[in-house]
Amino acid sequence: MIAESKLLDEGAELKSYKKGEIIFSEHSRASYYFQISKGRVKMISITIGGKEVIQNIFESGESFGEPPLMGDFPYPSRAVALTNCRIWRINKKNFLRLLQKDTDLHFRLTQLICRRMEFKAQLLKRVSINGAKERILSFIDFLKRRTEPRPSEKQFFILPYTRQQLADSLALRVETVIRAVKELEAEGEVKIVNRKICRL
């Protein structure tokens, strides 16, 4: 989202994280802006029973963890490297100074946070009232809308989640997801290509 040259100008550092490494923990102080140069990061919460619930998955080029940083409250979730990652990190003081200088960037970041809030609200609504198949389709469709426009309407959207990650995101058992995806495939709602879930 922010040009790497601009991050460097503001004193950012490029840090490496190994797969499974915690980037920040719940209840810790938000002190940095994070932007992925390479890799994938998951934002998770842990239930009282110890179950992992995925809040979101972030890809190369995306930022994460901004609301606690800008709102000055502790992280409500944990960020974990899904793959080996290289992540830009800029301290809070420099980041807030950058936003004050660059109002266009500030506006774009605010829009991004609002879109993520809308995603959470829609997901919560669908999880609370719909069955497994409806939850899965709603989730895929929202992620599809979030991506760049596709060059051809005949090109499939490939869900960048495993079945376990999909289950963890939708408060479902992985067995339920596997069964529901098979039913959705039989109904023509999704297609399985090289074990990946795809949707037009």
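For the single chain, residues carry numbers from 1 onward in sequence order. Please read these numbers as outputs of a predicted model, since none were measured by experiment. What you see below is based on every heavy atom in this structure, not just the backbone, and it leaves out hydrogens, waters and symmetry mates.
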Check residues 28-47 and write down every donor-acceptor pair under 3.5 Å in which the side-chain atom is one partner and the other belongs to a residue at least two apart or another chain.
from, atom 1, to, atom 2, distance (Å)
S28, OG, S25, O, 2.6
Y32, OH, R89, NH2, 3.4
Y33, OH, Q35, OE1, 2.6
Q35, OE1, I2, N, 3.0
Q35, NE2, I2, O, 2.8
R40, NE, E59, OE1, 3.2
R40, NE, E59, OE2, 3.0
R40, NH1, P160, O, 3.4
R40, NH2, E59, OE2, 3.1
R40, NH2, P160, O, 2.3
K42, NZ, E52, OE1, 3.4
K42, NZ, E52, OE2, 2.8
S45, OG, Q55, NE2, 3.0
S45, OG, S77, OG, 3.4
T47, OG1, G49, N, 3.4
T47, OG1, G50, N, 3.4
T47, OG1, K51, N, 2.9
T47, OG1, K51, O, 3.4

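- Among all heavy-atom pairs drawn from R135 and A171, the shortest one is NH1-O, 3.6 Å.
- Between E134 and L137 the shortest side-chain heavy-atom distance does not fall below 4.5 Å.
- What you find for C85 and A81 is that their closest heavy atoms are SG-CB, 3.9 Å.
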Distance-only donor-acceptor hits, side chain of residues 106-118, under 3.5 Å, sequence neighbours excluded:
from, atom 1, to, atom 2, distance (Å)
R108, NE, D104, OD2, 3.3
T110, OG1, H106, O, 2.9
R116, NH1, S63, O, 3.4
R116, NH1, E66, OE1, 2.9
R116, NH2, S63, O, 2.7

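- Of the inter-residue distances, the one linking L7 atom CG with W88 atom CH2 reads 6.5 Å to the nearest 0.5 angstrom.
- The OG1 atom of T162 sits 3.5 Å away from atom CD of Q165, with the distance rounded to the nearest 0.5 Å.
- Two residues are said to be in side-chain contact when any heavy atoms from C-beta on lie closer than 4.5 Å; I140 and I136 meet this criterion.
- The hydrophobic cluster containing M70 also contains I90, counting ILVMFWY residues as joined when their side-chain heavy atoms lie under 4.5 angstrom apart, directly or transitively.
- The shortest distance between side-chain heavy atoms of L170 and F139 falls below 4.5 Å.
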Donor-acceptor pairs under 3.5 Å, side chain of residues 176-198 to any protein atom, not counting sequence neighbours: which ones?
from, atom 1, to, atom 2, distance (Å)
E187, OE2, K133, NZ, 2.6
E189, OE1, R199, NH1, 2.9

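- In this structure, K19 has no salt bridge (charged side-chain N to carboxylate O under 4.0 Å, His left out) partners at least two apart in sequence or on a different chain.
- E10 contributes atom CD, which lies 9.5 Å from atom CG of L99 (distance to the nearest 0.5 angstrom).
- Of all heavy-atom pairs spanning F73 and P67, the tightest one is CE2-O, 3.5 Å.
- Counting heavy atoms from C-beta on, the side chains of I87 and L14 never come closer than 4.5 Å.
- Sorted by first and then second residue, the ring pair (Phe, Tyr, Trp, His ring centres under 6.0 Å) pairs with a member in residues 39-61 read F58-F64; sequence neighbours excluded.
- Scanning for side-chain contact (heavy atoms from CB on, under 4.5 Å) contacts around K92 gives L69, D72, L96, with sequence neighbours left out.
- By the rule that hydrophobic residues join a cluster once side-chain heavy atoms approach within less than 4.5 Å of another member, L143 and V53 end up as members of separate clusters.
- Nearest heavy-atom pair across E21 and Y17 is OE1-CA, 3.4 Å.
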